[in-house]
Amino acid sequence: MASKAGGDGKEAINEQIIANTYGNMRSEMTQLYTKITELEMEVSEHSLVIGAIEPLDHSRRCYRMVGGVLVERTIKEVLPAVHRNKEGLEEVIARMHEALEKKKKEITEFELKYKIRIRKADTNADEEEGSKKEGSAQGVLVGPAGQ
């Protein structure tokens with residue numbers, strides 16, 4: 001009987017370790033999504049800059065931020081650097097997409113191995129409670145603190 005109780009405690013610890021590992025894996029996947037989105041925004045900014053300065057005279061002055069310092073250059077000098085940066089970002093995004101796919105596959109295998117299922121009914125109930133709380137706070141006006 002005592003060995004059974006000890007076994008249950010060990011099983012609970014193992015379940016906790018599995019849950020923590022799964023949570024960490026999901027967190028890593030979320031971080032990858034976030035970083036990919038951030039880099040895609042930078043690529044779109046680079047595209048906007050390229051589109052804005054490409055039709056201009058290449059001897060015209062422009063300013064570029066290099067390590068927090070604003071540097072005066074010509075469009076002829078800056079345009080190739082912006083193109084290289086954009087291409088480098090696109091390569092990094094491609095590698096991060098590959099890493100994301102590997103992480104998704106790893107999570108799926110982990111879910112199958114340990115028979116993990118995500119409960120969606122609980123999350124819907126929590127969201128409904130959260131919206132009720134937000135709804136009850138509507139209509140409250142607070143004046144400036146100094147008056």
Side-chain angles (χ1 to χ4, degrees), residues 8-147:
D8 290 341
K10 200 172 194 181
E11 186 175 309
I13 292 171
N14 286 339
E15 286 178 9
Q16 188 64 38
I17 291 171
I18 291 169
N20 288 341
T21 304
Y22 183 70
N24 290 339
M25 292 169 77
R26 301 271 306 180
S27 172
E28 289 173 15
M29 188 175 72
T30 303
Q31 289 173 352
L32 279 171
Y33 271 123
T34 304
K35 194 63 177 175
I36 288 171
T37 303
E38 180 183 320
L39 291 175
E40 285 173 343
M41 291 299 294
E42 285 194 35
V43 166
S44 70
E45 288 175 12
H46 278 68
S47 297
L48 287 172
V49 169
I50 289 169
I53 67 174
E54 223 168 17
L56 301 175
D57 181 26
H58 288 275
S59 62
R60 187 172 172 175
R61 278 190 303 186
C62 70
Y63 297 90
R64 179 175 182 225
M65 185 72 73
V66 179
V69 178
L70 197 60
V71 181
E72 182 180 339
R73 299 277 186 240
T74 63
I75 290 177
K76 181 181 178 181
E77 297 169 334
V78 170
L79 196 57
V82 175
H83 275 292
R84 276 194 308 274
N85 286 352
K86 182 182 172 195
E87 290 167 2
L89 286 170
E90 289 170 341
E91 289 175 15
V92 170
I93 289 171
R95 279 187 262 140
M96 290 187 84
H97 273 292
E98 291 172 9
L100 181 64
E101 291 305 315
K102 286 180 186 176
K103 185 58 70 177
K104 283 181 181 178
K105 187 180 283 187
E106 185 181 331
I107 287 173
T108 303
E109 291 171 0
F110 194 81
E111 287 173 344
L112 292 173
K113 181 177 179 181
Y114 293 106
K115 299 178 181 136
I116 297 173
R117 289 178 310 227
I118 298 173
R119 291 188 226 159
K120 294 186 180 176
D122 289 349
T123 58
N124 289 340
D126 289 343
E127 289 173 2
E128 288 173 12
E129 288 176 14
S131 65
K132 287 178 187 174
K133 289 177 185 173
E134 290 174 355
S136 65
Q138 290 180 347
V140 176
L141 296 176
V142 179
Q147 290 182 344

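We use all heavy atoms of the structure for the numbers below, so side chains are in, but hydrogens, waters and symmetry mates are not.
Under the salt bridge (charged side-chain N to carboxylate O under 4.0 Å, His left out) criterion, Lys35 pairs with Glu38, sequence neighbours left out. For Glu77, the side-chain hydrogen bond (donor to acceptor under 3.5 Å, both in side chains) test picks out no residue, with sequence neighbours left out. Considering only residues two or more places apart in sequence or on other chains, Arg61 meets the salt bridge (charged side-chain N to carboxylate O under 4.0 Å, His left out) condition with Glu72. Residues satisfying the side chain to side chain contact (heavy atoms under 4.5 Å, CB included) test with Val66, not counting sequence neighbours, are Arg64, Val71. Applying the side chain to side chain contact (heavy atoms under 4.5 Å, CB included) criterion to Thr30, with sequence neighbours excluded, gives Thr34. Residues forming a side-chain hydrogen bond (donor to acceptor under 3.5 Å, both in side chains) with Thr108 (at least two apart in sequence, or on another chain): none. Qualifying side-chain hydrogen bond (donor to acceptor under 3.5 Å, both in side chains) partners for Ser59, counting only residues two or more places apart in sequence or in other chains: Asp57. Residues passing the salt bridge (charged side-chain N to carboxylate O under 4.0 Å, His left out) test with Glu91, sequence neighbours excluded: none. Residues passing the side-chain hydrogen bond (donor to acceptor under 3.5 Å, both in side chains) test with Glu109: none are found, sequence neighbours excluded. Partners of Tyr114 according to the side chain to side chain contact (heavy atoms under 4.5 Å, CB included) rule, which considers only residues two or more places apart in sequence or in another chain, are Ile18, Phe110, Ile116.
Taken to the nearest 0.5 Å, the CD atom of Gln31 stands 11.5 Å off from the CE atom of Met29. The CZ atom of Arg73 sits 9.5 Å away from atom SG of Cys62, with the distance rounded to the nearest 0.5 Å. For the atom pair Lys115 NZ and Arg117 CZ, the distance stands at 10.0 Å (nearest 0.5 Å). The CD atom of Glu90 sits 11.0 Å away from atom CG of Asn85, with the distance rounded to the nearest 0.5 Å. For the atom pair Leu39 CG and Met41 CE, the distance stands at 11.5 Å (nearest 0.5 Å). Taking OG1 from Thr37 and CE from Met96, the interatomic distance works out to 9.5 Å, rounded to the nearest 0.5 Å.
Applying the ring-ring contact (aromatic ring centres under 6.0 Å, His included) test to every pair with at least one member in residues 38-89, sequence neighbours left out, gives no pairs at all.
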Exercise for the section: Take Ile118 and Arg26, measure what side chain to side chain contact (heavy atoms under 4.5 Å, CB included) needs, and give me the verdict at the end. Expected result: CA-CA 12 Å; Ile118 298 173; Arg26 301 271 306 180; 3.9 Å; yes
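Side-chain contact between Ile53 and Val49 is present, with at least one heavy-atom pair separated by less than 4.5 Å. Side chains of Asn14 and Glu11 form no contact here, defined as non-hydrogen atoms less than 4.5 Å apart.
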Indicate every side-chain donor-acceptor pair of residues 97-106 with a distance under 3.5 Å to a residue at least two apart or in another chain.
from: Lys103; atom 1: NZ; to: Glu28; atom 2: OE1; distance (Å): 2.5
from: Lys104; atom 1: NZ; to: Tyr33; atom 2: OH; distance (Å): 3.1

